[in-house]
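In listed order, ligands and their atoms are each counted from 1.
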Amino acid sequence: MKNLLLFILLLLLWQCHPKETPVTKPHNNSKGPVILIHGGAGQIYEGRYTAEEEAQYHQSLQHALDSGYAWLSRGENAETVVEKVIRRLESDSLFNAGKGAVYTAEGKVELDASIMRGSDLNAGAVSGVQHIEHPISLAHWVMDSSKHVMLSGRGAEHFGFMMGLDSVSNEIFHTVQSESNYRRIMKEKYGTVGCVVLDNHGNLAAGTSTGGMMMKEFGRIGDSPIIGAGTYADNQGCAVSCTGHGEYFIRYAVAHHISQTVSNGVPIRDASSVIIHQTLKNAGGEGGVIAVDTAGNYTFQFNTQGMFRGVRNADTTYTLMYEE
Ligand code: ASP
């Protein structure tokens, strides 16, 4: 009897233990770190924004890239840098993530975020959170300190509070731009944010954070918090963050598809280009991706008029908004 109880106890403990994930050996990254970010894709075309607004977007993107690159150069690991860079963008009301996020049809802000580490395929995601200032940090907590991959709504928030995160009012996400500016930009606001990196240790990570689509039904979940749809990272393939019409990115499991295709030997640019410019476009899905592999190859692909984006590695750095 005693043995049976002991056996049941051991079985329960074993089931509660976080799942084992395969660990891939980091490869030597002699070329140095690479960081790519996006700030959303959509009808972003010359003439839509004032020169001052354009300058603000470039400055914000470049600042995030420079900080991320400095952290990577100091040897910080991929997922830590992804989280820190996305936190910065979540605090910037230019984007549709954290502060400045779009409203649901109910007039609330509901935030989604996810993060994934390419060395062991561990991942964390949260959806529909209303009272967490930095959803990307909550997703990182889910990845590191829970046995789950995805938590939603009140459960996600409850877990965050247990981890020591503060509860914030939903009002803090509401933008304080001038009324007319606000109305114009909020009419069709783009600005999901994403980051993919290759760190100094040869490991990849990806993360995405968003307020979702304008006027979404309350409770709607897009691709951004779905591992495999909006975010994916695998050292055997690549790290991917998506932005655009989430329903299509979910249907085509875009982020995983690109990584899988790269792991089969297809160059990252081709793998991303085919799904964005052919598969999604033919289906009517608009959006874009950023991706990087462990050799430091990277790509931006989008089938919309523009995408806020930028890159930094040992050889180059730039930020762009429109098609080039
Ligand atoms: N992909 C996001 C969503 O569907 C929105 C976006 O990237 O603009 O929630």
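Applying the side chain to side chain contact (heavy atoms under 4.5 Å, CB included) criterion to T210, with sequence neighbours excluded, gives N96, D112, T192, S224.
If you look at ligand 1, the protein residues with a non-hydrogen atom under 4.0 Å away are T192, G212, M213, R220, G222, D223, S224, T243, G244, G246.
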Donor-acceptor list for residues 265-283 side chains, cut-off 3.5 Å, not counting sequence neighbours:
unit_1: S272; atom_1: OG; unit_2: I268; atom_2: O; d: 2.8
unit_1: H277; atom_1: NE2; unit_2: Q301; atom_2: OE1; d: 2.9
unit_1: N282; atom_1: ND2; unit_2: Q278; atom_2: O; d: 3.2

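Aromatic rings from Y103 and H174 are positioned such that their centres are separated by under 6.0 Å.
Counting only residues at least two apart or on different chains, no ring-ring contact (aromatic ring centres under 6.0 Å, His included) pair has a member in residues 206-227.
Paired with S209 under the rule side-chain hydrogen bond (donor to acceptor under 3.5 Å, both in side chains), one option of E83, E90, H134 passes, and it is E90.
Between W141 atom CH2 and I136 atom CD1 the span is 14.5 Å, to the nearest 0.5 Å.
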